[in-house]
**Q** 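Have a look at this one.
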Amino acid sequence: MRKKVPAPFYLTGAWKRVRLQRLRRDGYVCQDCLKKWLEDPRWGAPRRAVLVHHIQPIESHPELALDENNLVSLCDGCHNQRHPERHQGKDRAAAPSGMRVIQV
C-alpha cells in the first residue's frame, strides 16, 4: 500500500499551531468518544485524540480551515467513522485513517 502524501496545507506552520491548540484545548481526548461516554459510561473511557478533523470540509469551506470552532479532536477510530467514504470495501477497524495531518 502506498503511503498518502499530506496536502501542502497540512504542512504549514499555521495549521500545525491551530491543530496543536485544538488538541490541547480538548486535553488530547477524543471528543466523539467523550460524548458517547458521557451519554453512557458503559461505553468505555474516551480514547486519546491524535487527529484534528475539519467539521466543515476544507475543500468546500476553505475560509474555515484555521477556525478552531470548525475543528474537533478525534481518535483514529472515530475519525474513520466520520469518513466512511474513504474506507469502502475495507475493514474499518484495520483501515488506516487516511488523514493528511501530521501526528504529534
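Computation of the quantities below employed the complete heavy-atom set of this structure, encompassing side-chain atoms and omitting hydrogens, waters and symmetry-equivalent molecules.
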**Q** With the 4.5 Å side-chain cut-off for hydrophobic clustering, are L23 and I58 part of the same group?
**A**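 Yes; tracing contacts between hydrophobic side chains, which count when under 4.5 Å, links both residues.
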**Q** Mind checking what makes side-chain hydrogen bond (donor to acceptor under 3.5 Å, both in side chains) contact with D32, not counting sequence neighbours?
**A** R82
**Q** Return the set of residues passing side-chain contact (heavy atoms from CB on, under 4.5 Å) with P57 (not counting sequence neighbours), or none when no residue passes.
**A** E59, S60, H61
**Q** Taking only residues two or more places apart in sequence, or in another chain, which ones meet A45 in a side-chain contact (heavy atoms from CB on, under 4.5 Å)?
**A**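 None.
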**Q** Residues two or more places apart in sequence or in another chain: which of them pass side-chain hydrogen bond (donor to acceptor under 3.5 Å, both in side chains) with R42?
**A** D40
**Q** E39 versus K35: any side-chain heavy-atom pair under 4.5 Å?
**A** yes
**Q** Just jot down the side-chain hydrogen bond (donor to acceptor under 3.5 Å, both in side chains) partners of K36, sequence neighbours excluded, or say none.
**A**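 For K36, the residues satisfying side-chain hydrogen bond (donor to acceptor under 3.5 Å, both in side chains) (neighbours in sequence not counted) are Q81.
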**Q** Heavy atoms only: give me the nearest R48-C75 pair and the separation to one decimal.
**A** O-CB, 3.5 Å
**Q** Side-chain contact test, heavy atoms from C-beta onward, threshold under 4.5 Å: evaluate it for V52 versus Y10 and give yes or no.
**A** no
**Q** Just to verify, what does R22 make a side-chain hydrogen bond (donor to acceptor under 3.5 Å, both in side chains) with, not counting sequence neighbours?
**A**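 By the side-chain hydrogen bond (donor to acceptor under 3.5 Å, both in side chains) rule, R22 matches D26.
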**Q** In terms of ring plane angle, is the pair H53 and H83 parallel, tilted or perpendicular, where the classes change at 30° and 60°?
**A**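 If you compare the ring of H53 with that of H83, the planes turn out perpendicular.
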**Q** For V29, is there any backbone N or O sitting under 3.5 Å from a side-chain donor or acceptor partner on Q31?
**A**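 Yes; at least one donor-acceptor contact below 3.5 Å.
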**Q** Between atom SG of C78 and atom CZ of R47, what is the distance when rounded to the nearest 0.5 Å?
**A** 5.0 Å
**Q** Linking Ile, Leu, Val, Met, Phe, Trp and Tyr through side-chain heavy atoms less than 4.5 Å apart, which residues share a cluster with L64?
**A** none
**Q** Working to the nearest 0.5 Å, report the span between OG of S73 and CD of Q21.
**A**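 Rounded to the nearest 0.5 Å, the OG-CD separation comes out at 11.5 Å.
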**Q** Any chance you could measure L34, atom CG, to W43, atom CH2, to the nearest 0.5 Å?
**A** 13.0 Å
**Q** List the atom of W15, the atom of A65, and the distance in Å for their closest heavy-atom pair.
**A** CZ3-O, 3.8 Å
**Q** How close do C33 and P46 get, heavy atom to heavy atom, and via which atoms?
**A** CB-CA, 3.6 Å
**Q** Going through the checks in order, is the side-chain contact (heavy atoms from CB on, under 4.5 Å) test met by H54 and L71?
**A** CA-CA 5 Å; H54 285 93; L71 303 173; 3.4 Å; yes
**Q** Under 4.5 Å between side-chain heavy atoms, chaining through other members, with only Ile, Leu, Val, Met, Phe, Trp and Tyr counted: pull out the rest of the cluster around L74, sorted by chain and number.
**A** I55, V72
